[in-house]
Engineer: 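Input: one structure, supplied below.
Residue numbering restarts at 1 for every chain, and letters A, B, ... go by the order of the sequence lines.
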Amino acid sequence: MEKNKYQNLVKKYTPKENVLGNGVTAFIIGGFMGMLGEFLIQFYSYVFSIPTKEASTIMTVTLIFAGCLLTCLGFFDKWVTSAKCGLIVPITGFAHAMQSAALEYKKEGFVTGIGANMFKLAGSVIIYGVCSAYFFGLCRLIVMGG
Amino acid sequence: MTFKYENVYINDTSTITGPYERKGPLSTYFDKSYDDFYFGMKTWEQAEEKLITESVDLLLYKLARTRFDVDLHIGGDLLNQIVASNYAASTLGIPFFGIYSACATSVEGLILASNMIESKQIKNCICTASSHNNAAEKQFRYPVEYGGPKPKTDTFTTTGAASAYLSYNKRGIKVESATVGTVTDYGIKDAFHMGAVMAPAAASTLYDHLKDTKREADYYDLILTGDLGIYGRKIFKDYMKTEYGISLKNYDDTACMIFAEDNKEAYAGGSGPACAPLVTYSYIFDKMKKGELNRVLLIATGALMSPTMVNQKLSIPSIAHLISLEVTE
């Protein structure tokens, strides 16, 4: 059988992923994450009487901490799987990616294990995040003059 | 390439599994199952090594023999440099051949051992095959605690070790013949669809075997493939029919047997070098000994996947080795 023909045969028996369903799940859960974030900002700014800008930093730290802690406790991965991308795209996903890699390699030492492998998944996000921030910043400077 | 054997028997086997297999439908057939992934060891890699040594010790205990009575140990696993098997072999101290054919390792070992026993170079041999879900995920995929969504066609590496003791003593299951597979590549690049990668390899080995032995597929009571999974099984059946005109009725796949088919955590079924021998040495051998099955063909399928080559956008080659097992009494 030729490769093309075989690939058609494979396609015939490969189940379709529920793109729409997954998208809706991610949208709703991601939306709730946004609500939670906003609630935390309002909460911190009310309780500590601080401006929302500072409260949003504390909110970010809180969500990162929660993502890391729940990953260590061993059930965040199941939530992430069922939430599709609803928990990966927000800051919790980044924390989850780093924490899971760190956990995985902790027995291979601080330098050769955790240090070398912690950014295994999250490294790309940082590289391309920084590059695209620089690029769009430059565009903004050219178009809007800063 | 097909070999015929007259004097090779699998005298006894041992199977040890991890927690997921324990929850599966075949749990009562395994010799021993663990509740966790560490088995008292510090890391998953060391845990897999322990599984192998323990399964060999259990096998020797069943046979009332010691390590010094064994001529040769052939074993392999999924980890880089087949470390689990190498470290186990260093503990066991039996002359050792380490082999790698991904999930086809078990049958490759049986074929090598059978050839040497048939030619009387050795009197007996222990063949091991093992895999560990977490150790394999760590090496081939993502960190275990990372929960990124996976496609339905993904398979779940089994945790376990299976050992078989082969010799020319007429006891147990007879190894009747074996066919060595060729590496095939049908251009599949999806590392989450191993069933599609391996189905043509299994089909070509089965076809070669039937051609060499001049047999029909229904000569066998059961034809088993290793770990094609729910979707790979369908692809394999269709491929056999369209390419070779052979329709399979008495066919199943061990990946679909080790876990319940509706188990969502296992996706399309089990995989790993341990999958095929765990099912065959326990459940299938039990049926053979009870007389429910007489002739069984086991086709272990291996996707020769390397994350490096997949990242270089190359397709994944695969191999399948086949062994024909019979009850003689």
Side-chain angles (χ1 to χ4, degrees), chain A residues 1-19 21-23 25-26 67-68 70-89 92-108 113-114 117-118 120-122, chain B residues 37-38 41-47 134-135 137-139 141-154 184-190 192-200 203-204 207 228-244 264-265 267-268 307 315:
Chain A
M1 193 180 281
E2 281 163 15
K3 282 185 181 178
N4 299 349
K5 232 176 130 189
Y6 180 66
Q7 274 155 16
N8 287 336
L9 192 148
V10 168
K11 225 176 259 169
K12 196 169 123 189
Y13 292 104
T14 303
K16 293 258 176 327
E17 296 297 328
N18 187 359
V19 181
N22 292 352
T25 312
C68 290
L70 296 178
T71 304
C72 293
L73 293 177
F75 49 84
F76 199 61
D77 55 328
K78 293 184 182 76
W79 290 7
V80 170
T81 310
S82 22
K84 308 303 166 192
C85 282
L87 288 174
I88 289 188
V89 176
T92 45
F94 191 77
H96 177 55
M98 288 193 56
Q99 189 62 41
S100 59
L103 274 177
E104 189 105 336
Y105 289 95
K106 71 169 193 259
K107 282 172 188 145
E108 281 158 43
I114 296 179
N117 292 294
M118 198 165 171
K120 214 177 175 185
L121 294 170
Chain B
F37 277 107
Y38 287 99
M41 304 306 282
K42 279 191 179 144
T43 66
W44 298 319
E45 290 80 5
Q46 291 168 32
N134 294 5
E137 284 287 312
K138 176 182 172 185
Q139 181 180 307
R141 304 251 163 90
Y142 302 122
V144 171
E145 288 300 332
Y146 184 68
K150 290 174 187 164
K152 289 174 189 155
T153 51
D154 189 27
T184 58
D185 188 341
Y186 273 68
I188 305 291
K189 295 180 182 174
D190 186 355
F192 288 103
H193 201 350
M194 291 302 193
V197 172
M198 299 185 291
S204 92
Y207 177 72
L228 297 182
I230 297 168
Y231 308 104
R233 183 173 60 173
K234 291 180 188 163
I235 296 170
F236 174 72
K237 277 184 100 168
D238 191 325
Y239 185 88
M240 280 306 290
K241 190 141 199 218
T242 45
E243 183 71 2
Y244 303 119
K264 288 217 169 92
E265 277 183 301
Y267 295 86
S315 55

Engineer: Kindly give the heavy-atom pair with the smallest separation between A:A101 and B:P143, and that separation in Å.
Structural biologist: CA-CG, 3.8 Å
Engineer: Is A:E108 in contact with chain B via its backbone, its side chain, both, or neither, using a 4.5 Å heavy-atom distance?
Structural biologist: side chain
Engineer: What is the minimum heavy-atom distance between A:P15 and B:T153, and which atoms define it?
Structural biologist: CD-CG2, 3.6 Å
Engineer: Tell me, out of B:A268, B:P149, B:A199, B:A196, who's got the most heavy-atom pairs with chain A below 4.5 Å.
Structural biologist: B:A196
Engineer: Just checking B:K150: does its NZ atom have more than 12 heavy atoms from other residues, nucleotides or ligands closer to it than 6.0 angstrom?
Structural biologist: yes
Engineer: Take B:Y186 and A:K5 through the test side chain to side chain contact (heavy atoms under 4.5 Å, CB included) and record every step on the way to the result.
Structural biologist: CA-CA 10 Å; B:Y186 273 68; A:K5 232 176 130 189; over 6 Å; no
Engineer: Looking at every heavy atom in both B:H193 and A:T14, which two are closest together, and how far apart are they?
Structural biologist: NE2-OG1, 3.0 Å
Engineer: Most heavy-atom pairs under 4.5 angstrom with chain A, which of B:P200, B:S315, B:G232?
Structural biologist: B:P200
Engineer: So which heavy atom on B:I188 is nearest to which on A:Q7, and how close?
Structural biologist: CD1-CG, 3.9 Å
Engineer: Nearest 0.5 Å please: distance from the CG atom of A:L9 over to the NZ atom of B:K234.
Structural biologist: 12.5 Å
Engineer: Can B:Y146 and A:V80 be said to form a side chain to side chain contact (heavy atoms under 4.5 Å, CB included), step by step?
Structural biologist: CA-CA 8 Å; B:Y146 184 68; A:V80 170; 5.9 Å; no
Engineer: Measuring heavy-atom distances to chain B, does A:F76 have an atom under 4.5 Å in its side chain, in its backbone, in both, or in neither?
Structural biologist: neither
Engineer: I'd like to verify something: which residue of A:N4, A:N22, A:L121 has the highest number of heavy-atom pairs under 4.5 Å with chain B?
Structural biologist: A:L121
Engineer: What are the two closest non-hydrogen atoms of A:Y13 and B:Y231, and how far apart are they?
Structural biologist: O-CD2, 3.5 Å
Engineer: With sequence neighbours left out, what residues match A:K12 under salt bridge (Lys or Arg N to Asp or Glu O under 4.0 Å)?
Structural biologist: B:D238
Engineer: Who among A:E2, A:K16, A:K3, A:K84 has the most heavy-atom pairs with chain B under 4.5 Å?
Structural biologist: A:K3
Engineer: Do B:E45 and A:K107 meet the salt-bridge criterion of a basic N to acidic O distance under 4.0 Å?
Structural biologist: no
Engineer: Just verifying a value: how many Å separate A:E104 CD and B:N134 CG, rounded to the nearest 0.5 Å?
Structural biologist: 7.5 Å
Engineer: Do you know which two heavy atoms are closest between B:E145 and A:T71, and how far apart they sit?
Structural biologist: OE1-O, 3.7 Å
Engineer: Is the positively charged end of A:K120 above the ring of B:Y142, judged by distance under 6.0 angstrom from the centroid and angle within 45° of the axis?
Structural biologist: no
Engineer: So, does A:E17 use its side chain to make a donor-acceptor pair with the main chain of B:K152 at under 3.5 Å?
Structural biologist: yes
Engineer: Which distance, rounded to the nearest 0.5 Å, do you find between the NZ of B:K138 and the CG of A:L103?
Structural biologist: 11.5 Å
